[in-house]
Colleague: 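Okay, here's the structure, questions in a sec.
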Amino acid sequence: MARWVLHVDMDQFLAAVEILRRPELAGLPVVVGGRGDPTERAVVSTASYEAREFGVRSGMPLKTAVRRCPDAVFLPVDFPVYEAASATVMETLRTYPGTVVEVLGWDEAFVGVAVDDPVEAAHGLQAAVLEATRLHCSVGVGDTLVRAKIATDFGKPRGVYVLTKDNWMEVMGDRPTTALWGVGKRIAQRLDDVDIRTVRELAHSSEEALIAAFGPNTGPYLRNLGRGLSRATVDDTPWVARAHGHETTYQQNLTATDEISAAVRALSDQVVADLRSEGRACMRVHLKVRFAPFFTFTRVRKLAEPTFDPAVIAQTALELLAKLDDDRPIRLLGVRGEMVPPEGGYER
DNA sequence: TCTGGGGTCCTAGGACCC
DNA sequence: TCTGGGGTCCTAGGACCC
């Protein structure tokens, strides 16, 4: 028996959950995002496959989505319902015989299994999840986490796809580096600057050149990514959060100073509520500001001593904001509290 | 097209210490 | 007078993911 990594990813998760409770929506273009009002500043969280046929994608402004698909049904994001569905999915994966489960997000997880036939195991997981939740998922099978993760997209929807060292280069070699999990537009551009455009070119590139361009850590990491190499063992150590933050995009930009300080204080109060629920004090304050039209800045400051006091966090955030010395209208504010690490540090 | 809200991690470089 | 080499801690800033 060999060890395999399965990547389980729910199909159109939020839309699928909504369709479960409103079966009449089945087969229709459904868009879940914001408060469900496509005239507001908000983005698409999930679009059903029918909506995707009109070019609607997650991350897209609702205003754009409604233009592309005026007949779509727009629904508000309903966190508690998705959290409950997610918990059932993860519990189903954990109770499946012989699995080790590493949760990646609401709707996806790595599942480690030791079996002769990983495809059979993948089908078994799909059936178990379907039975428990009436929701469909796709499964990527790999010999590393990266390969399993990338494989899933080739299996969507409702399928299984196997990506291992045997077919990695054949499947991925000619694709652009952005096809890799962890390579976005910026890294792709920087790779392009050193004449690396495909996964194959990245895999065959010189380590020294990548270290020179990306540093001692990221350089080798990228080269390994091109080869499909990464951690191969699923780790079910419970996740310990590093920080908690809250941010808000304002329908009307903020300009008045009292408005801004009230907003910072409200966000700080929310952050402290999260920190208190974990019993871990704030040790660094992060401020994120998006000015109009679209300039984003983040600043961090370490506190003299850890605190649960929202006034201290708000005051620190306002000092960081004052330091930016930018009086453009603010469209988004975020306050994040980085927590004191647990004794012995983080395991993962 | 006009960009949410939740996160994590990395690199460079300055300040400071021995 | 002019300044090595090693280390730690901190902030600025960037990038990625779901």
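Quick note: numbers below take in every heavy atom, side chains included, and nothing from hydrogens, waters or symmetry partners. Small disclaimer: the values here were computed from a predicted structure and weren't measured. A, B, ... follow the sequence lines: proteins, then strands. Residue 1 opens every chain.
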Colleague: Ion pair present between A:D325 and A:K323, side-chain N to carboxylate O less than 4.0 angstrom?
Modeller: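 No, this pair does not count.
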Colleague: Check A:E319 with A:R301, please: is the shortest side-chain N to carboxylate O separation under 4.0 Å?
Modeller: yes
Colleague: Report, one line per pair, each donor and acceptor closer than 3.5 Å where one atom sits in a side chain of residues 213-226 of chain A; sequence neighbours left out.
Modeller:
from   : atom 1 : to     : atom 2 : distance (Å)
A:R223 : NE     : A:S205 : O      : 2.7

Colleague: Using a heavy-atom cut-off of under 4.0 Å over every strand shown, decide if A:T248 touches base, sugar-phosphate, or nothing.
Modeller: sugar-phosphate
Colleague: Are A:L275 and A:R280 close enough that some pair of their side-chain heavy atoms sits under 4.5 Å apart?
Modeller: no
Colleague: Have a look at A:V183 and say if it touches a base, only the backbone sugar-phosphate, or nothing, with a 4.0 Å heavy-atom cut-off.
Modeller: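 Counting heavy atoms under 4.0 Å across all strands, the contact made by A:V183 is with sugar-phosphate only.
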Colleague: Could you state the atom-to-atom distance from CG of A:L333 to C1' of B:dG4 in whole Å?
Modeller: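 Taking CG of A:L333 and C1' of B:dG4, I get 14 Å after rounding.
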Colleague: Between A:R35 (CZ) and B:dG5 (C1'), how many Å, whole number?
Modeller: 14 Å
Colleague: Would you say that more than 12 heavy atoms from the other residues, nucleotides or ligands in this model lie under 6.0 Å from the CD of A:E24, or not?
Modeller: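 Result for CD/A:E24: enclosed.
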Colleague: Would you kindly say whether A:R147 and A:N167 are connected by a side-chain donor-acceptor distance under 3.5 Å?
Modeller: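 Result is no, nothing qualifies.
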Colleague: Considering only heavy atoms, which members of residues 301-322 of chain A lie under 4.0 Å from some atom of DNA chain C?
Modeller: A:R301, A:K302
Colleague: Parallel, tilted or perpendicular: which one describes the rings of A:F154 and A:Y161, with boundaries at 30° and 60°?
Modeller: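 Tilted.
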Colleague: Output all residues satisfying side-chain hydrogen bond (donor to acceptor under 3.5 Å, both in side chains) with A:R3, sequence neighbours left out; order by chain, then residue number.
Modeller: none
Colleague: If the threshold is 4.0 Å, N to carboxylate O, is there a salt bridge linking A:K156 and A:D9?
Modeller: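 Salt bridge present between A:K156 and A:D9.
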Colleague: When the C1' atoms of B:dG4 and C:dC17 are compared, how many Å lie between them, rounded to an integer?
Modeller: 14 Å
Colleague: Between A:F110 and A:W4, does the ring centroid distance fall short of 6.0 Å?
Modeller: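 Distance test on ring centres: not under 6.0 Å, no.
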Colleague: Look at atom CG of A:D327 and say whether more than 12 heavy atoms of other residues, nucleotides or ligands are closer to it than 6.0 Å.
Modeller: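 No, the 6.0 Å shell around CG holds no more than 12 heavy atoms from other groups.
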Colleague: Tell me: CG of A:D11 to P of C:dC18, nearest whole Å?
Modeller: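 Result: 15 Å.
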Colleague: Does the pair A:E108/A:K149 count as a salt bridge with the N-to-O cut at 4.0 Å?
Modeller: yes
Colleague: Please report the distance, rounded to the nearest Å, between CE in A:M90 and C1' in C:dC18.
Modeller: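 Value for this atom pair: 11 Å.
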Colleague: Could you walk me through whether A:T249 and A:R41 pass side-chain hydrogen bond (donor to acceptor under 3.5 Å, both in side chains), step by step?
Modeller: CA-CA 8 Å; A:T249 296; A:R41 273 183 187 168; over 6 Å; no
Colleague: NA contact type, A:R57, heavy-atom cut-off 4.0 Å: base, sugar-phosphate, or nothing?
Modeller: nothing
Colleague: Look at the side-chain N and O atoms of A:R331 and state whether any lies under 4.0 Å from the OP1 or OP2 oxygen of B:dC2.
Modeller: no
Colleague: Taking the basic N atoms (NZ, or NE/NH1/NH2) and the acidic carboxylate oxygens, is any pair closer than 4.0 Å for A:D326 and A:R328?
Modeller: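 Judged by the 4.0 Å cut-off on N to carboxylate O distance, A:D326 and A:R328 do form a salt bridge.
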Colleague: Name all stems that contain residues of DNA chain C, defined as runs of 3 or more consecutive Watson-Crick or G-U wobble pairs, both distances under 3.5 Å.
Modeller: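 So the stems come out as B:5-18 with C:5-18.
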Colleague: Do any of residues 104-113 of chain A sit with a heavy atom less than 4.0 Å from DNA chain C, and if so which?
Modeller: A:D107, A:E108
Colleague: Output the rounded distance in Å from CG (A:L332) to C1' (B:dC2).
Modeller: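 For the pair A:L332 CG and B:dC2 C1', the rounded distance is 14 Å.
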Colleague: Could you state the atom-to-atom distance from CZ of A:F79 to C1' of B:dG6 in whole Å?
Modeller: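 Roughly 8 Å, once rounded to whole Å.
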Colleague: Assign a letter to each nucleotide of nucleotides 7-13 of chain B from its 5' end: B, base within under 4.0 Å of a protein heavy atom; S, sugar-phosphate only; -, no contact.
Modeller: BSSSS--
Colleague: Over how many whole Å does the gap from A:I187 atom CD1 to C:dC17 atom C1' extend?
Modeller: 13 Å
